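Below you'll find the structure, written out as structure tokens, and then a few comments.
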Amino acid sequence: MSNETGTAGNGQEGRQDERGREELRTEQEYVDLLHACLDALRDRAEGAADDALRPVGKGHQAQLERSIAAFEYSRTLAELDGIEEGLCFGRIDQRDGVTHHIGRIGLRADDSERTPLLIDWRAPVARPFYLATGLHPMGLRRRRHLTTRGRTVTALHDETLDLRETAPGAFENPSGDAVLLGALNAERTGRMGDIVRTIQAEQDEIIRAPHRGVLVVEGGPGTGKTAVALHRAAYLLYADRERLHRSAVLIVGPGGAFLNYIGEVLPSLGETGVWLATPGELYPGIKATGTDTPRATAVKGDARMADVLARTLADRQALPDPVLEIAHEDHGTLTLDRETAAGARERARGALVPHNLARPHFAFRVIDALTAQLADRLGADPFGGPNFLDPTDVAELGKEIATSPAVQAAIDTLWPRLTPEKFLADFLAEPDAGGHLPAEDADAIRRAPGTWSGSVFTPAPWTPADVALLDEAAELLGEDDSMRRAAEARKRREEAEYAQGVLDVAAASRTYEFEDEESEVLGAQDIVDAERLAERHEERDRRSAAERAAEDRTWAFGHIIVDEAQELSAMMWRLLMRRGPNRSMTLVGDPAQTADPAGMRSWDSVLAPYVGDRYAYRRLDVNYRTPAEIMDVAAAVPRAADPGFAAPRSVRSTGVRPWAGAYGAEELPRAVGEAAGRAAEAGGRVAVVAPRTLHHVLLPHLPGASAGESPDLTRPVVLLTPRQSKGLEFDEVLAVEPQRYEESDLYVALTRPTQRLGLLHSEPLPEPLAIALKA
């Protein structure tokens, strides 16, 4: 390791070099010790998992407990696997002589150690590593950054924070930003990396902000919004681990490519119990693969759709017109008139429960009315005397009516059991049936109905915009789970009866020596009752809270993080607010980048219905990704529509200006392929961003490139649509036919590169872009 500070005199320089080598050896020994502790922890977990899987004889309960232990240890191993790279990345030396090493997790040499060998970056004592400055040293004398590759320390960078210090350190860095700039200039890998080594003060403030309530983080491209949100998730899981591991954290991202891109960040920080999902995956059992027109997306996402669906459902609660005849197999035809049905409907609606849960209220009133009608018919005295039927006879008639297939069919006609999927599919097939939507809006969302195969209904492919409507329908319909709950109660009774039998056998098996005297030996029946024994033998759900939450529409998450939040529709916000009833949320986005036709234009418009103005707002204004040369060109696009637009300030300049190349339409695909080849040879990751209509033409000229709905971002070259590129970053971006992009998509695509930007086109460039390139 060479000395990074110039010194005068060969003797002094030699002493400085020797001191540097000694400090490097010391840090390497410390890192070796940390990895030895990590290895020991992993060995213990693996050994415990192996032991837990070994048979333990006839004891079912003991085997069950061991298998659960094995599962818990496997989760520990999964959390350890992602954190080895860059395990320790910093050190702080306090003025009082105390030194702490900072890393991804906290580590102790053994359980008896009071002071950790490695301080978790989220711990309060680690905070000066991110916030201390020469003006406000926070009790620090020095801050050291460690750079490692695998388990080897490759570089040290020191910053002196105590201005009274006169002797320079062996690794004193004249630029305090060297580590940050090194990370920013490093080649991309196709996966987002964590920023624990380089968290800046304004980012740290947001990451550690009190988690109660809604926190909005706004910032332009490259300001680190996504990284801050992910590290905030890791911090909250550390600060409130018990509650959030029980209730889980939901992270919503704009698409599959984006989730693949960020998927390794939290595991690298030791956190695996988080559910990552796109908006199209937020309804259990549904993965939205269909597509909507922009107009259909806007209509489906409008907040008025909640009222439209509610009124459409009310239409399904029908009345006879004017009389419904019901053929009873034993007693002729019964009639249900409009007035009687209307009374039953009002009674059911008055229960103020969802549609499917209100159905029994409607059915009971109808059955009572039909029973009375039949009783009057059968028990009537031809001479005008009292009814011949006693209450027992009437009760039997009621059972006949209730179990009559014809009566049940009549009730289904007037108040049908509905699933969200069938209800919404019927609505989208005839969205103008009730007159609740303007004709042009109904035409925009109309689509072919689903199909039946026997008793199985298969709708047309759902779109992401449909997911929020499905959730709204599920909320309106409710789930009648009375039969399931009755079956569960019956099963619990049977298990308790079986357990009581086990205890009776155990009591009878006491040895004869104690028959005539009070035993001091406790039996099973002395320490556990039948109900508790039955509970212990129930099959336990070994899924994590996040895994259970993914399959439960009614799950209440402990915290929700939404990236690219500006893209969500009003209907999707209704869904998310149901998932987060405690309103503990971190919302990350930039209204200037809104591209979805149903997306929002201001935070107030989205949040006012749910929290009013009671939300915290933070703004990030420093662009860590995009070089100034590229940002100057990209900012011309939104500035053309809004002269007052202020782009985030780039922290670095590369000296490389964006370039543009004009080609004939026939030669453009070949030119794109050649440019992508040159860029890939230069190193890093290359994104070719083009309208989807050009992908089939471009792909043959991009050998080895990855494309599709969820492309492999680790490949040297990927082919994306402008919308797919949202939230991602690459060493170089080649924007093809940018004049065909939507304005917001163009700004997004132009701000994805960390090093170089090229524009290849056969049609004239958008005027603001052409002017900026010539400037």
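Note that the structure is predicted; figures quoted are calculated from it, not measured.
- Considering only residues two or more places apart in sequence or on other chains, R601 meets the side chain to side chain contact (heavy atoms under 4.5 Å, CB included) condition with T594.
- Residues meeting the side-chain hydrogen bond (donor to acceptor under 3.5 Å, both in side chains) test with R197, sequence neighbours left out: T147.
- Under 3.5 Å, the side chains of Q203 and E205 contain no donor-acceptor pair of N or O atoms.
- Remark: D307 engages R311 in a salt bridge (Lys or Arg N to Asp or Glu O under 4.0 Å) (not counting sequence neighbours).
- Residues satisfying the side chain to side chain contact (heavy atoms under 4.5 Å, CB included) criterion with E667, sequence neighbours excluded, are Y663, R670.
- Evaluation of the salt bridge (Lys or Arg N to Asp or Glu O under 4.0 Å) rule for E202 yields no partner, not counting sequence neighbours.
- A salt bridge links D432 with R446; the closest basic N to acidic carboxylate O contact falls under 4.0 Å.
- Looking at L620 and R618, their side chains never come closer than 4.5 Å, going by heavy atoms from C-beta outward.
- In this structure, the side chain of R685 engages the main chain of T714 through a donor-acceptor pair within 3.5 Å.
- The ring pair (Phe, Tyr, Trp, His ring centres under 6.0 Å) check on Y747 picks up F645, with sequence neighbours excluded.
- Annotation for E742: atom CD does not count as buried by contact number, only 12 or fewer foreign heavy atoms lying within 6.0 Å.
- With sequence neighbours left out, the salt bridge (Lys or Arg N to Asp or Glu O under 4.0 Å) criterion links E264 to R191.
- The salt bridge (Lys or Arg N to Asp or Glu O under 4.0 Å) check on R188 picks up E729, with sequence neighbours excluded.
- Residues passing the side-chain hydrogen bond (donor to acceptor under 3.5 Å, both in side chains) test with S653, sequence neighbours excluded: E629.
- For the residue pair D604/Y615, the side-chain donor-acceptor check at 3.5 Å is satisfied.
- In this structure D596 satisfies the side-chain hydrogen bond (donor to acceptor under 3.5 Å, both in side chains) test with no other residue, sequence neighbours excluded.
- Across all their heavy atoms, P691 and H695 have their closest contact at O-CD2, 3.2 Å.
- Applying the side-chain hydrogen bond (donor to acceptor under 3.5 Å, both in side chains) criterion to K300, with sequence neighbours excluded, gives D292, D466.
- For A676 against V688, the heavy-atom pair with the smallest separation is CB-CG2, 4.2 Å.
- Under 3.5 Å, the side chains of R752 and S725 contain no donor-acceptor pair of N or O atoms.
- Sorted by first and then second residue, the pairs that involve residues 566-583 and meet salt bridge (charged side-chain N to carboxylate O under 4.0 Å, His left out), not counting sequence neighbours, are D471-R578, D471-R579, E472-R574, E472-R578, E475-R578, E567-K726.
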